[in-house]
Amino acid sequence: MKTIKPNKLKWPVVLWSTSLMASAVFAHDGGAVKAAGIQTTSGNAKLAAFDIVQANIQASDKWLTFVMSVSKKAGKTTPTSTGKLAGSDVFSYVWPTKIDSSTVGFEADQGILSMAITSHPDFDDTPLFDENGDGNLDNDGTVWHAHWVVLVPDNACGEGALKVKDIPAGSTPQLPLTWPGLPILIDSPGYSPVISKTQVSVRVPFKNATALKGVAFDGVTSGLRVNESAHAPLLCVVDVFDVASGDLSLPGKIQ
């Protein structure tokens, strides 16, 4: 697996509005919504592993299937280790949705509920699962794994930037049973992503997945960074590599 430092990459700077629907400046026209999801042209990200050409969410019976296709080498690029949690990097394939946060165990109306497939070599946030199969639950953050996260804007991350929503000290919000203990709205449910050639996908169980047909979504590849102080805002979006729609307008509909 190739590793790379995000600050060595010169992707376009993206500024997000402080409403949860974002407007942004990009070097491309974005994707078109077709029957198979959001489709866009290649060449909008410097690395092919994060260059989105298609994003989709499909509902069937008791499953949602999240699918993202890139130009090539899906999952082959992971962050360079910094040797510590503070200031460390996270690479991600993300599906922002309009699914309500209460659907997966958070309180209602918390922000943009997103499925994220992530890799981060400097910490392990799936304490219940052994992704690399070596018998140690605490050393496999580099292995691509799935999270539910809630994204909200916070200017402390940069003007109009997004973060994973922090949990204020002393508060006790409703959280999923597989919340990993970090002071942010994140869930580590143990769903195993499948990465092959140009595609990243993950199948997620839902009691009534078909009820979510028509709900809006988008596709994003991005880099996040843990705060140097390891305090709030704990996990900020610092690089947006590519957006399927081009403007995070969430034009896709769960099929």
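A distance of 9.5 Å separates NZ of Lys163 from CG of Leu185, quoted to the nearest 0.5 Å. Distance check: Asp130 CG to Asp138 CG gives 9.5 Å after rounding to the nearest 0.5 Å. To the nearest 0.5 Å, atoms CZ (Phe129) and CG (Asp140) are separated by 11.0 Å. For the atom pair Thr178 OG1 and His147 NE2, the distance stands at 10.5 Å (nearest 0.5 Å). If you take CG on Leu151 and CD on Gln110, they are separated by 12.5 Å, rounding to the nearest 0.5 Å. Atom CG of Leu64 is separated from atom OG1 of Thr210 by 9.5 Å, given to the nearest 0.5 angstrom.
Under the 3.5 Å distance criterion, the side-chain polar atoms of Ser188 are matched with a main-chain donor or acceptor of Asp125. The main-chain N or O of Asp247 is never found under 3.5 Å from a side-chain atom of Ser249 such that the two would form a donor-acceptor pair. The backbone N or O of Glu107 lies less than 3.5 Å from a partner atom in the side chain of Ser101, making a donor-acceptor pair. Under the 3.5 Å distance criterion, the side-chain polar atoms of Ser92 are matched with a main-chain donor or acceptor of Ser222. Counting only distance, with no hydrogens or angles, the side chain of Asn155 and the backbone of Gly160 share a donor-acceptor pair below 3.5 Å. Distance alone, capped at 3.5 Å, is enough to place a donor-acceptor pair between the Asp166 side chain and the Leu234 backbone. Ser245 places a side-chain N or O within 3.5 Å of a backbone atom of Leu248 that can act as its donor or acceptor partner. Remark: side-chain polar atoms of Asp218 are not paired, donor with acceptor, to backbone N or O of Pro96 under 3.5 angstrom. In this structure, Trp144 contributes its side chain and Gly75 its backbone to a donor-acceptor pair below 3.5 Å. The main-chain N or O of Lys253 is found under 3.5 Å from a side-chain atom of Gln255 such that the two form a donor-acceptor pair.
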Does the side-chain hydrogen bond (donor to acceptor under 3.5 Å, both in side chains) test come out yes or no for Ser88 and Asp122, once each step is laid out?
-> CA-CA 6 Å; Ser88 62; Asp122 292 301; 4.6 Å; no

Report the C-alpha distance between Phe106 and Leu113 in whole Å, list the side-chain angles of each, state the deciding distance to 0.1 Å, and finish with yes or no for side-chain contact (heavy atoms from CB on, under 4.5 Å).
-> CA-CA 10 Å; Phe106 300 107; Leu113 182 68; 4.3 Å; yes

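More than 12 non-hydrogen atoms from other residues, nucleotides or ligands lie less than 6.0 angstrom from CG of Asn208.
For the pair Met115 and Thr97, the minimum side-chain heavy-atom distance is 4.5 Å or more. Residues Trp179 and Ile167 form a side-chain contact, since some pair of their non-hydrogen atoms from C-beta on lies under 4.5 Å apart. Proximity of Thr118 to Val149: side-chain heavy atoms (C-beta onward) are nowhere separated by under 4.5 Å. Contact of the Tyr191 side chain with the Pro205 side chain is registered, since non-hydrogen atoms from C-beta on lie closer than 4.5 Å. Counting heavy atoms from C-beta on, the side chains of Asn44 and Asp51 come closer than 4.5 Å. Under the 4.5 Å side-chain criterion, counting only non-hydrogen atoms from C-beta, Val200 is not in contact with Val70. In this structure, Cys157 and Leu162 have side chains that are not in contact, with every pair of non-hydrogen atoms separated by 4.5 Å or more. Phe66 is not listed as a side-chain neighbour of Phe217, based on a closest heavy-atom distance of 4.5 Å or more.
Following chains of ILVMFWY side-chain contacts shorter than 4.5 Å, one cannot reach Trp63 starting from Ile99, and the two form parts of different hydrophobic clusters. Val194 and Ile117 are members of different hydrophobic clusters when ILVMFWY side chains are connected at heavy-atom separations under 4.5 Å. Criterion: ILVMFWY side-chain heavy atoms under 4.5 Å apart, direct or through other members. Under it, Phe91 and Leu85 are part of a common hydrophobic cluster. Note: the hydrophobic cluster containing Val215 does not contain Val67 (ILVMFWY, side chain heavy atoms under 4.5 Å, direct or indirect links). Clustering ILVMFWY residues whenever any of their side-chain heavy atoms sit less than 4.5 angstrom apart, transitively, puts Val94 in a cluster other than the one holding Val53.
When all heavy atoms of Ser119 and Thr78 are compared, the closest pair comes out as OG-CG2, 3.3 Å. Considering all non-hydrogen atoms of both residues, Ala49 and Thr77 come closest at CB-OG1, 4.0 Å. Shortest non-hydrogen contact noted between Val202 and Ala146 is CG2-CB, 4.3 Å. Of all the heavy atoms in Gln199 and Ala74, the pair that sits closest is N-CB, 3.7 Å. Between Ala244 and Ala55, the shortest heavy-atom contact is CB-CB, 4.1 Å. Contact record, Ser71 with Ser42: OG-CB, 3.4 Å, taken as the closest heavy-atom pair.
If you check the side chains of Thr198 and Ser69, you find no donor sitting under 3.5 Å from an acceptor. Thr221 and Asp242 are not linked by any side-chain donor-acceptor pair at a separation below 3.5 angstrom, with hydrogens and angles left out of the test.
Between Phe123 and His120, the two ring planes are parallel [angle under 30°; tilted spans 30° to 60°].
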